[in-house]
Every structure is written in C-alpha cells, then in structure tokens.
Asks: 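Please read through the structure below; I'll follow up with questions.
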Amino acid sequence: MNSKSALSDRYNAAEAEARWQRVWDERGIFATPNTHDKRKYYVLEMFPYPSGRIHMGHVRNYTMGDVVARVKRAMGFAVLHPMGWDAFGLPAENAAAERKIHPKAWTYDNIAAMKAQLKSMGLSLDWSREIATCDPAYYKHQQAMFLDFLQAGLVERRKSKVNWDPVDQTVLANEQVIEGRGWRSGALVEQRELTQWFFKITDYSQELLDALDTLERWPEKVRLMQKNWIGRSEGLLVRFALEPGTAPAAADELEVFTTRPDTLFGAKFLAVAPDHPLAAAAAKANSKLAAFIEECRHRGTSQAAIDTAEKMGCDTGIKARHPFDPSWQLPVFVANFILMDYGTGAIFGCPAHDQRDLDFVNKYGLGNVPVVCPPGQDPKTFVITDTAYDGDGTLINSRFLDGMTVPQAKEEFARRLEKESRSGRPVAQRQVNFRLRDWGISRQRYWGCPIPVIHCEKCGVVPVPKSDLPVTLPEDVSFDRPGNPLDRHPTWKHVRCPRCGGKATRETDTMDTFVDSSWYFIRFTDPWIETAPTDRKAADAWMPVDQYIGGIEHAILHLLYSRFFTRAMKKTGQVGLDEPFAGLFTQGMVVHETYRRADGEWASPAEVRIESSGDIRRATLISTGEPVEIGPPEKMSKSKRNTVDPDDIISDYGADVARWFMLSDSPPERDVEWSERGVRARAGFVQRLWRLVSEAAEIAKTAPAARPNDFSPRALAVRKATHQTLAKVTDDIEKLHFNVCLAAIHEFSSILSEVIGDIGADDGDRGKGGASGEAENYAADMAWAIREAINVLVQLFSPMMPHLAEECWAALGHKSLVAQAPWPHVEPDLLIEHTVTLPVQINGRKRADVTVAREAGKADIEAAVLALDAVKRALDGKSPKKVIIVPQRIVNVVA
RNA sequence: GCGGACGUGGCGAAAUGGUAGACGCAAGGGACUUAAAAUCCCUUAGGGGAAACCCUGUGCGGGUUCGAGUCCCGCCGUCCGCACCA
C-alpha cells in the first residue's frame, strides 16, 4: 500500500492528548450550568482521599464514569459530572507528625498533584464545582446542619464504650486494636466510657431497610449487605420476676429479649452482660463477681479478642421465676458473651437449641432439656449432647405447647404472656430489634470538622450561634505529642459562653470524616451558595445521582450513612428526597502479578524482566539477573510492591491506552488484571485505529455529499455492520457492559479494515487504477458507506478514548469537536436482514444451516430443512418425530 | 455458624432457554525486511478422519424441556460479606 500521506504517520499520544485537553479547557465545554432546558443526568464517581497520587483503581473508576458522562452528554442530556476531595482524615496528621508538615499544607499539596493527574486522564469533569471537605466554605455548612439536626432531635450526646489507647491518648476503631493492643503504641487497650456525639441513624432503621426494595438499580449484593447490617429481628420482650431475697433491693425484675419464645420451657439459666446494671448491683456484695466483671472490661472488643474468647460466666446468686411457673427458679449469670447494646443486654439460655448456650451449660454443668423435636425423630429418645438443634420441629416437654410447630408455639407464647400482667404492665410484649447502632461521630482528632458546640460550666452544652460559624480549625498546632492538639491549644479552646457570657470551653472533638462524604454529592448541585448548605431548587433539580460508581468497600458505611444523611437533610429542609443514589455500580479492583525474590522480598514490575518461550514465562531481576518467582495476580498494594503508577503509563502510552485497557476484557464489576503485554497490545490497537481512520479519510473525501439512492450489496453490508454495531454499543453502554462494547468496536474496525483492503486488492487484480487501495477506486455508494462507517466508529470509541477520537474527527474534516457531536442515530431498517440463516439442529445439536426469506412461513422453512443433506442423512428415510421451528431463530428436527 | 455470589479453552472472557467459546491476550506458522522492530495474514476446546464429516465437551450427579452454560434439586470447590446479635 502506498500510505505516505501525513495522516498515516504514527499517532503521537503525548502531543495530541495535551493539545485536546487544552482545547476542551479553553472552550469550557464540560462545565454544566444549573439553568438549562435539557433532561438532567447526574453521574458521579466516589471522590478520592487526597493521599498524594492517584492509583490505578482511580483510573478505572473515573474512566467508567467518564464514559457514561460523555455518552449521556452526546445523547442530549445536561450532564452533571463533578469532582472533589474527601480531604479530612488521619493520614494528614500522621504526615504532620512524621515529616513536620502542617496537615493543611500536606493536603493541599496532594490535591494539586492529584488534580494534575486527573486532568492528564482527559476526564470530562466540571471543575468549576470542585470542593474540598477541609475547606471552611464546605464544613461551615456541615456545622450548620449539625446544629439543625441537633434541634430536630437527630443528634444526641451520651456515654459510650470505646477502645482507649492510654499511650496515644486516643480512641481507636475496632480495626485498630490488634490482640488487645493499640496498633501504633502497642499499649494494652482499655474499655472506656466516653461522652460522644451520635447521629440517630436508628430512628430510620425500618425506613432504611424498607427503602432498599426501591433501589432497583443497585447491585443485589449491596442491598443484601445493608439489609444484614441493619439486622431486623422480631421477637418478644419478656419480664422475668426476680426472687425476693436473692436480688439487690432495687431490682425486682429482668427484661430479656428473645426471638425464640417457643423454647422458653427449655430454659436453664438467665444471663446479663458484664456492664448490665443488675451485674453492677449484684457485684456490690459479691467480690468474686466484681473481679469477674473487671476482667471482662479489660478484654478488647476487636475481632481477634472475640474469636479467641472462651464462654465464661459467674453466678450472681440471683434467681428468676419462670413466667409460667413461679416455682421454677432459673439462676442468673453474668456472662462475657452477652452484649449490653443489643436487645436488653440480657438473655434466657435454652441450651438444647442454641449452640452458645449449650457450650455454656456444658461448662457449668447446668444440663439441658430439648423442647423442639426434629421431624422423624422419636421424642422419647431425642437427646442433645454437644450439638444444639436450631431447626424446625414439634414442641415437646413444653406443657401446653406440646405438639405445636415452632411458629405456632411462638404465637401461643406471645398471646398468653401479653395477657398476663404484673404491676400493671404485660409480662411480655412483641418487639422488633435492630442490629444497627447509632452513628458515633466524635473523634479525638485535629484534622476534621469541628463540632460546633460550647461547654459552659453553668449552661451545659450550648450550640455555637449560626452567625459565628464556621468554627475554623486553628492553624498554630503541633503534633510532637500524641493526642488531640485542639485539646491542649492555649487559646482556641477557651471561649465565653454564647448564652451567659461566662467561662466556657469549646468541644475539641471533630466529626468522623464519613460525615463529610455523606452529603458532598448534594453540595455539588450548587457548591457556590454561601448562605445555606444547598440551593433547594438546584438540589431538587439535580438529585438523585443517576449513576454512582465506586468500590464495593463502601457498600455499607458510606452508602448507608449517605442514605441516612439525605433523610436527615430532608427533615431539616435542605433537600426534597430520601434516596440519594438511584443507580449504583460497584467496580472491581485492579490486580497485578506479584514477583518475589528468593530471599522473600517483593520486587516491583519495573524491576523485573519477563521472558517467555512457548508457554513458559520466566522472570528475572533486571539489576542482578537473579530469578524471581511469578505469583498470582493480587490487588495492587504497596506492601506487595505490585503497583503501577498511572503517570508512567500515561507518559509512556497515553491516557487513552490506559482508559481503553481499564474497560476491556474483564466485566467492570470484576477484577481486571493489569499487565505490560496487555498495555502494549492496547497501544497497538490505538495505532491500528489511527491507520484505519487515515485510510478511510482519504476514501471519505471522494464520497458524494448527498446520500446515494442505491447501495451495492457490499456497500449495504458495510452500512448494516455500521448500524448494528451502533445499536449494540449504545445498548451495552447503557448497561455498563463496557467489555462487550469494546469487543463490538474491535470487530467493527476489523470489518472496515477488511472491506477497505479487499476492494483495493480486487481493483488491483483487475489492473485498474494502478496501485491498489487508491481512494478513487471506490464507487460513490461505497465511499459514502465508508464515510458513514468511519464517522460512527470514531464516535463509538470517543467516550473511551476521547483524545484519539478528537484527532480522528479532525482528520475526517470536522471543524467541531467530537466531544460535542450528537450521538448518531440508528436506522432501524438496517438492523433487519431480508434473508435469515437459521441454525438447524437435529436432536438439539447443530448440524446445518438453512437460509430462508425473513418472512418465510413455518411450512416453507420445514420444506427447506427436510431437503437438506444432513437432515436426510440423519432421518435415514424415516419421517421426523417432530420439527420445532422458531421463526428467525432456530429449527430443531427430532429424529 | 449465617447470608450471598461464582465455577466455560493455556489465560481474561462472550452467549433475551435456541449455532458454546464472540472479542482480546498468550502460543505456533507464514508474509514483508539484508536484519530487527513495527505491521499484516493463517491456525489455535479435546479426540477421530485423507476429506466430507463424526464423537466428546460449560465443576460433579440427577431433573424439567423439542432444546440447558443459562431453569429446578442435591453434592464438591473457590471467593466475598456478616458474626458471641439472644
């Protein structure tokens, strides 16, 4: 081929990408005004924490969102696609302590670096709406909302148990307690009671649960995880009378929550949590019990501590009466496996039908009585030894319940106990319990949003007047000592009481950073308004987020908090809807092979050379030549050193190659494996597309302006491929099936290459026009079809590879930007084939094809099928038992 | 323990109950080149056959159906979430 024109030179990604990014920037085409007359579409990716550099996970996440944004824009929507920074958090303080940089400086440096990286990706973001949660202009509104929530009864201050690190002088999350010790200090963690601020998310337990059913465009998995997290269970609250004389004077009863009232005749003991008031009361006169409670208190609440903890208890000496038999006395224990903050902090133990209770009685010799007999078992011989039975069955050993099923017994028990009353109240009542806890938001940390309240010696807790907001963080702080620098600040902390003017101190705790990220998506709808957290009109117009994209790791916390926060904001009038995210997509991770040296040290991909001969791949360390073991792909992490820097990829291959790779091969919800050979292959495809467009552009130039009336079969085939691909890709993008889209685009580009090559070769064979492939060899209808095809092709990959697409679009002679071109329309006629080739199955196995007219009736098809050699052979002269014909789909002959 | 998802070539994968393996990677062969790179073409689930073609195949065992990777039942395996939750 003679391809010497300037267009067919190699595509220079580095040069072109910078150039087109400048053009988009200068023309401001991605800024979306709040006033418009289009349908709205809000696409959002979870905003990043400014850790310093973006990683490949960000590249994948933001590429997906950008494809959706660009396609929706082309389809005529007003698209809101903003970006911001989840900028408060502990790493900034750690950096300050380690490197003597102020958290603010560290954070803003990181933001600047990461913003430049995001820009180099060519994302179609509306940067005019950029927000950082550490900006007083943002957190001022968060403080105002805190005060609104406080007034609306959505915020509470109360004591709560926390993990306290006595050396670092801070509260630790459960994840930060390792084998009972602080992860940084190594100090033994204490259980402390601290007064904390809580958002009353449990007020919405039922609502948050019910509304999950309305979130049809959420992954089933996430909905289920939230459902389990909320953990609704229906049961019975039973009041056990305590035997006078055995119990402390003030205590005459114990409330117990149970979901299995049907097993109450199998009860062997009652138990309360170590921090239950009854335990404390009983311990006053019982030093052994007091020692046991003290021991429990020192146990961590971490997962490791719970897993290894043995079931232990201590008899209080108190006796409780069975609700149906005052003479039946049950011992009351304090047990380490009872949680104070679920139900009433007290249980009744039915060992035969609860494994945990069984372990407990076996240890303390209390015995067990089975009361539910499994189907098919003889009640007379049914015994429980080491394994509790928690299935269905028939009630036994249960007096008036005998013979009932489990649900019947539950109901009967509830009915009878509800009617019984003691001291004017029913002995039992039906109750719904939730696993969900209120959201404790107090953090003993500097780099967070200050909680806007003042503690006055006389007036107690006083909200900061709204006119005094924001309560800004003081900047003159040091991190040379552990603990919260706000707490030891000489001036910031000490204020006058806004109410009485007397001596007072500021709240020095800051808010959990999950608060910051619980409403940023609403702030994006109008980030400029200074007088209120939201402009109600803009918020209602843009919300909900139509497509939210992020990692599965936020399935519970961030997404549940945001759902609560939106409801709270609705209650205080900031927004008019309950559910913030109409569509949610959770993308998979980016993984990479791992490389391990003989001494066990990890090697990074950049340090390793891979050689392959046949199917065998071998890795060696570039510096020393020593062999390196290739391990399976794992999540990119610093510790395994299998990370790849997006900057390196973008400068070596270009953003388009990185974007294309992120969308290809793996379905977006699954992990994608990044590899050097993979990235090179995508870079090759970019060049192939560029060559194809260059060749096609020459042919397109010769095409008539007006659409020809008739198309040759070959030209028609090109047009059909064009429109069928267009229809498929459009449909698959809507479903976020990016990997399938890319396959269709690949296939279409191969078809086009082949058509262009074939025609050139044919004409060459005939000796016409000299060298093959010359543009003038193409008939007008074919040139027109190719021009249409190549334009559609460029538009189809433009959301994924926007820079290459602009370059191609310009090469095709367009003066406008492909980023602003309307999405092409499918011509439905071209999707319909006039003849169809049906697969012919014999006994369910494909044996032949038959080509018939699209409208052919069943009789015609059957005749054509029975005439086929393969069918005749299979029937061997007999007539078929049955012929199933699904018009336009398939034929199945049953021999 | 409870809940859920998944299991398809050497690999990533595709497939409204209707032609299993599209598309890509890797591999092998070839073209171009003095050579290399780049590029292009061909082959590539397994087995049989000179070929036409035939047989076997979506973790295992059953079932429904004219027809099952897909639906149902039971196993096995992998991954994920939750977990002293009464």
Side-chain angles (χ1 to χ4, degrees), chain A residues 1 3 10 219-229 231-233 235-236 256-260 263 271 273 303 306-307 309-311 335-339 341-350 354-357 359-360 388 390 433-437 552-553 555-556 612-617 633 661 664-667 669-673 675 677-678 680-682 684-685 687-688 691 737 739-750 753-754 757 837-849 869-870 873 880-886 888-895:
Chain A
M1 290 213 184
S3 34
R10 280 181 75 79
E220 191 55 42
K221 181 188 168 86
V222 175
R223 289 197 269 171
L224 200 74
M225 280 165 73
Q226 290 212 355
K227 189 180 166 196
N228 291 339
W229 187 264
R232 182 182 196 272
S233 55
L236 205 61
V256 162
F257 175 72
T258 176
T259 56
R260 293 295 303 272
T263 64
Q303 198 54 55
I306 288 166
D307 284 346
E310 209 182 329
K311 313 250 168 309
N336 65 345
F337 60 90
I338 313 298
L339 305 173
D341 53 2
Y342 184 79
T344 59
I347 62 151
F348 83 81
C350 175
D354 183 304
Q355 190 60 47
R356 204 188 34 193
D357 295 345
D359 293 346
F360 189 77
D390 61 2
N433 256 300
F434 293 95
R435 214 188 66 105
L436 183 66
R437 296 289 115 81
I552 187 77
E553 66 274 18
I556 295 172
S612 52
S613 57
D615 284 337
I616 299 156
R617 297 175 67 240
F661 193 164
S664 54
D665 283 0
S666 294
E669 68 278 8
R670 250 181 266 176
D671 293 350
V672 66
E673 188 190 345
S675 68
R677 57 182 193 275
R680 274 202 304 266
R682 273 69 178 190
F685 182 62
Q687 296 300 339
R688 208 172 104 200
R691 278 194 307 276
H737 292 172
N739 55 325
V740 191
C741 283
L742 266 58
I745 292 171
H746 247 284
E747 208 173 354
F748 183 42
S749 73
S750 298
S753 296
E754 210 169 299
T837 301
L838 303 179
V840 176
Q841 295 182 333
I842 296 165
N843 296 329
R845 248 177 190 288
K846 195 222 167 187
R847 285 293 175 256
D849 288 313
D869 285 346
R873 230 181 3 253
K881 285 202 187 106
K882 201 171 178 184
V883 180
I884 291 114
I885 296 168
V886 186
Q888 292 168 51
R889 281 238 78 100
I890 199 163
V891 179
N892 191 11
V893 178
V894 185

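Below, chain A is the first sequence line, B the second, and so on; all start at residue 1.
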Asks: Pro667(A) side chain: which of G18(B), A83(B), A13(B) is closest?
Replies: A13(B)

Asks: Give none if G49(B) has no partner; otherwise give the nucleotide forming a Watson-Crick or G-U wobble pair with it, both distances under 3.5 Å.
Replies: none

Asks: Of all the nucleotides listed (G12(B), A20(B), A86(B)), which has the minimum atom distance to the side chain of Phe257(A)?
Replies: A86(B)

Asks: I'd like the P distance from G61(B) over to G24(B), given in whole Å.
Replies: 34 Å

Asks: So which one's nearest nucleotide on RNA chain B is more toward 5', Tyr342(A) or Ser666(A)?
Replies: Ser666(A)

Asks: Distance check: side-chain N/O of Arg356(A) vs OP1/OP2 of C85(B), anything under 4.0 Å?
Replies: yes

Asks: Report which part of the nucleic acid Leu339(A) touches: base, sugar-phosphate, or nothing (heavy-atom distance under 4.0 Å, all strands).
Replies: base

Asks: Taking 4.0 Å as the cut-off, does a side-chain nitrogen or oxygen of Arg670(A) come that near to OP1 or OP2 on C80(B)?
Replies: no

Asks: From the options A38(B), C84(B), G24(B), select the nucleotide whose nearest atom is closest to the side chain of His746(A).
Replies: G24(B)

Asks: Mind calculating the distance between CG (Asn228(A)) and C1' (C2(B)) to the nearest angstrom?
Replies: 8 Å

Asks: So which heavy atom on Pro880(A) is nearest to which on Val893(A), and how close?
Replies: CB-CG1, 3.8 Å

Asks: Which base sits across from C84(B) as a Watson-Crick or G-U pair, both distances under 3.5 Å?
Replies: none

Asks: What does Ile338(A) touch in the nucleic acid at a heavy-atom separation under 4.0 angstrom: a base, only the sugar-phosphate, or nothing?
Replies: base

Asks: To the nearest angstrom, how far is Glu669(A) atom CD from G81(B) atom P?
Replies: 17 Å

Asks: I want to verify a distance call: between C82(B), C66(B), A14(B), whose nearest atom is closest to the Val894(A) side chain?
Replies: C66(B)

Asks: Need one value for Glu747(A): base, sugar-phosphate or nothing, where a base atom within 4.0 Å counts as base even if backbone is also close, heavy atoms only.
Replies: sugar-phosphate

Asks: Measure distances between side-chain N and O atoms of Asn892(A) and base N and O atoms of C66(B), and say whether any donor-acceptor pair falls under 3.5 Å.
Replies: yes

Asks: On RNA chain B, compare the nucleotides closest to Gly684(A) and Gly343(A); which residue's is nearer the 5' end?
Replies: Gly684(A)

Asks: Anti or syn, where syn is a glycosidic angle within 90° of 0; which label fits G9(B)?
Replies: syn

Asks: Taking only the side-chain nitrogens and oxygens of Arg260(A), find out if one of them lies under 4.0 Å from OP1 or OP2 of A86(B).
Replies: no

Asks: May I ask you to say what Thr258(A) touches in the nucleic acid, namely base, sugar-phosphate or nothing, with a heavy-atom cut-off under 4.0 Å?
Replies: sugar-phosphate

Asks: If you measure from the C1' atom in U58(B) to the same atom in G17(B), how many Å do you get, rounded?
Replies: 15 Å

Asks: Taking a pair as Watson-Crick or G-U wobble with both distances under 3.5 Å, which nucleotide is matched to C6(B)?
Replies: G77(B)

Asks: Between the base of C84(B) and the side chain of Lys311(A), is one N or O donor paired with an acceptor at under 3.5 angstrom?
Replies: yes

Asks: Is it the case that the base of G12(B) and the side chain of Asp665(A) share a donor-acceptor contact (distance under 3.5 Å, atom types as modelled)?
Replies: yes

Asks: Among C84(B), U19(B), A86(B), which nucleotide has an atom closest to any side-chain atom of Ser233(A)?
Replies: A86(B)

Asks: Expressed as a whole number of angstroms, how long is the span from His737(A):NE2 to A13(B):C1'?
Replies: 13 Å

Asks: Write down the partner of U64(B) under the Watson-Crick or G-U wobble criteria, each distance required to be under 3.5 Å.
Replies: none

Asks: Out of G4(B), C85(B), A26(B), which has the shortest distance to the side chain of Arg677(A)?
Replies: A26(B)

Asks: Roughly how many Å apart are U8(B) and G69(B), using the C1' atom of each and rounding to a whole number?
Replies: 7 Å

Asks: Need one value for Arg437(A): base, sugar-phosphate or nothing, where a base atom within 4.0 Å counts as base even if backbone is also close, heavy atoms only.
Replies: base

Asks: Please give the nucleotide sitting opposite A31(B) as a Watson-Crick or G-U wobble pair, both distances under 3.5 Å, or none.
Replies: U39(B)

Asks: Arg223(A) CZ to G3(B) P: how many Å, rounded?
Replies: 19 Å

Asks: Just compare C25(B), C84(B), U19(B) and give me whichever is closest to any side-chain atom of Phe337(A).
Replies: C84(B)

Asks: Can you tell me how far C1' of C80(B) sits from CG of Asp671(A), to the nearest Å?
Replies: 11 Å

Asks: Under 4.0 Å from OP1 or OP2 of A14(B): is there any side-chain N or O of Asn739(A) that close?
Replies: yes

Asks: Can you tell me how far P of C53(B) sits from CD1 of Ile842(A), to the nearest Å?
Replies: 13 Å

Asks: If I take atom CD1 in residue Ile890(A) and atom C1' in nucleotide U16(B), what distance separates them, rounded to the nearest angstrom?
Replies: 14 Å

Asks: Go through the N and O atoms of the side chain of Arg889(A) and the base of U19(B), and report whether any donor-acceptor pair is under 3.5 Å.
Replies: no

Asks: Is any side-chain N or O of Arg691(A) closer than 4.0 Å to OP1 or OP2 of C40(B)?
Replies: yes

